[in-house]
Every structure is written in structure tokens, then in C-alpha cells.
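Report on one structure; see the data block that follows.
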Amino acid sequence: MEKTNLFLGSILAGMAVAAGAFGAHGLQQITTDAQVLHTYQTAVQYHFWHAIALLICGALSTVAHPTLNYCARQSFLAGLACFSGSLYFLTYLRINQLPVSKWVVLITPVGGLFFITAWVLLAFSFAKFKPSN
């Protein structure tokens with residue numbers, strides 16, 4: 001499990017850096033809408049921080065309860081997909097002046113709940129860890 005967390009965290013962190021570079025260079029050439037740029041920046045910021053969280057799950061998995069650590073990872077991934085994914089999609093829709101479905105706006109806070117859940121699970125994974133003798 002630790003290798004999976006480290007692999008996913010590394011890949012997702014690299015993707016966040018690429019998304020951030022696009023936002024800083026490419027996106028600003030496509031739009032000057034401050035709200036769109038802010039939405040995208042928020043997506044990248046949460047994407048990056050929670051990729052780092054996956055690295056924490058992997059790096060500290062030897063001192064974490066395995067099941068809770070796994071559940072934390074799954075929640076971080078769901079949060080990334082729902083929160084950052086919906087904000088990336090919302091940015092795409094706004095740039096292309098396409099209609100924004102209500103579900104796109106409603107899925108973002110669901111992603112936030114996944115993030116909160118993941119952090120709580122990660123905390124409990126450390127609190128519940130019992131070293132083997």
C-alpha cells in the first residue's frame with residue numbers, strides 16, 4: 001500500500017505542477033476573467049496539497065493503521081476527483097462559455113467533505129496504530 005500511495009502522490013503532484021504551469025502561462029493567454037483564473041488556481045492548489053497528503057500516507061504507512069490509511073488514501077483520491085476535478089471542469093466550461101450544470105457546482109463541496117474525511121481518517125490511522133512486537 002505504501003508504494004501505491006507514494007506512486008499516486010508523485011504522479012498527482014507532477015500533474016499539479018503541470019496544471020499550475022499551464023495556469024500561470026497558458027490559461028492567462030486564453031482568459032483574463034479573474035473569477036475563472038481564481039477557480040483554476042484553487043483547483044491546482046488543492047490538487048497539489050492533497051497529492052502531498054498521499055505522499056504522507058505512503059511515507060508514514062509503517063506507523064499508521066493499514067485499513068484507516070487505505071481509507072484515507074481513497075478519500076484523498078475521491079476528494080481530488082470531486083473537488084479539483086469539478087473546478088477544472090468548471091474552468092473549462094466558463095472559458096468556452098458553455099452552460100454550467102448545477103451538479104458541477106454541487107460536486108465541489110462533496111470533494112471538500114472527502115478531503116476533511118481523509119484528514120480525519122489519516123489522524124486516526126496514526127492514533128490507532130499498534131506496533132507489532
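Quick caveat: nothing in here was measured; it's all calculated off a predicted structure.
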What are the two closest non-hydrogen atoms of [X] and [Y], and how far apart are they?
{"X": "N69", "Y": "C57", "value": "ND2-O, 3.2 Å"}
{"X": "F126", "Y": "V63", "value": "CD2-O, 3.4 Å"}
{"X": "L12", "Y": "L54", "value": "CD1-CD1, 3.5 Å"}
{"X": "L106", "Y": "V110", "value": "O-CG2, 3.6 Å"}
{"X": "A51", "Y": "A13", "value": "CB-N, 3.4 Å"}
{"X": "A16", "Y": "V44", "value": "O-CG1, 3.6 Å"}

Under a single-linkage definition using a 4.5 Å side-chain heavy-atom cutoff for Ile, Leu, Val, Met, Phe, Trp and Tyr, are [X] and [Y] assigned to the same hydrophobic cluster?
{"X": "V100", "Y": "L98", "value": "yes"}
{"X": "F114", "Y": "V105", "value": "no"}
{"X": "I11", "Y": "L8", "value": "yes"}
{"X": "I116", "Y": "F76", "value": "no"}
{"X": "V17", "Y": "F7", "value": "yes"}

Item checked: Neighbour count above 12 (heavy atom, 6.0 Å) for F22 CZ ->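 Enclosed.
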Checklist line | W119 CH2: over 12 foreign heavy atoms closer than 6.0 Å | finding: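 For W119, atom CH2 is crowded (more than 12 foreign heavy atoms under 6.0 Å).
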Under 3.5 Å donor-acceptor, [X] side chain and [Y] backbone:
{"X": "D33", "Y": "Q35", "value": "yes"}
{"X": "S125", "Y": "L68", "value": "no"}
{"X": "Y40", "Y": "A19", "value": "yes"}

Any chance you could measure [X], atom [atom1], to [Y], atom [atom2], to the nearest 0.5 Å?
{"X": "T39", "Y": "F89", "atom1": "OG1", "atom2": "CZ", "value": "14.0 Å"}
{"X": "T91", "Y": "L37", "atom1": "OG1", "atom2": "CG", "value": "8.5 Å"}
{"X": "L121", "Y": "C71", "atom1": "CG", "atom2": "SG", "value": "6.0 Å"}
{"X": "L90", "Y": "S84", "atom1": "CG", "atom2": "OG", "value": "12.5 Å"}

Beyond-backbone contact of [X] with [Y], side-chain heavy atoms, under 4.5 angstrom:
{"X": "S10", "Y": "L55", "value": "yes"}
{"X": "M15", "Y": "F48", "value": "no"}
{"X": "V36", "Y": "I30", "value": "no"}
{"X": "L80", "Y": "Y46", "value": "no"}

Next item on the list: I would like to know whether L77 and H50 meet side-chain contact (heavy atoms from CB on, under 4.5 Å); could you show each step before the answer?
Entry: CA-CA 8 Å; L77 291 172; H50 291 90; over 6 Å; no
Checklist line | Y88 and H47 aromatic ring geometry - parallel, tilted or perpendicular at 30°/60° bounds | finding: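 Because their plane-to-plane angle is over 60°, the rings of H47 and Y88 count as perpendicular.
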Item checked: Worked verdict on S86 versus T108 for side chain to side chain donor-acceptor pair (under 3.5 Å) -> CA-CA 6 Å; S86 68; T108 308; 2.6 Å; yes
Next item on the list: Run the ring-centre check on F83 versus F115 and record whether the distance is less than 6.0 Å.
Entry: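 Ring centres of F115 and F83 closer than 6.0 Å.
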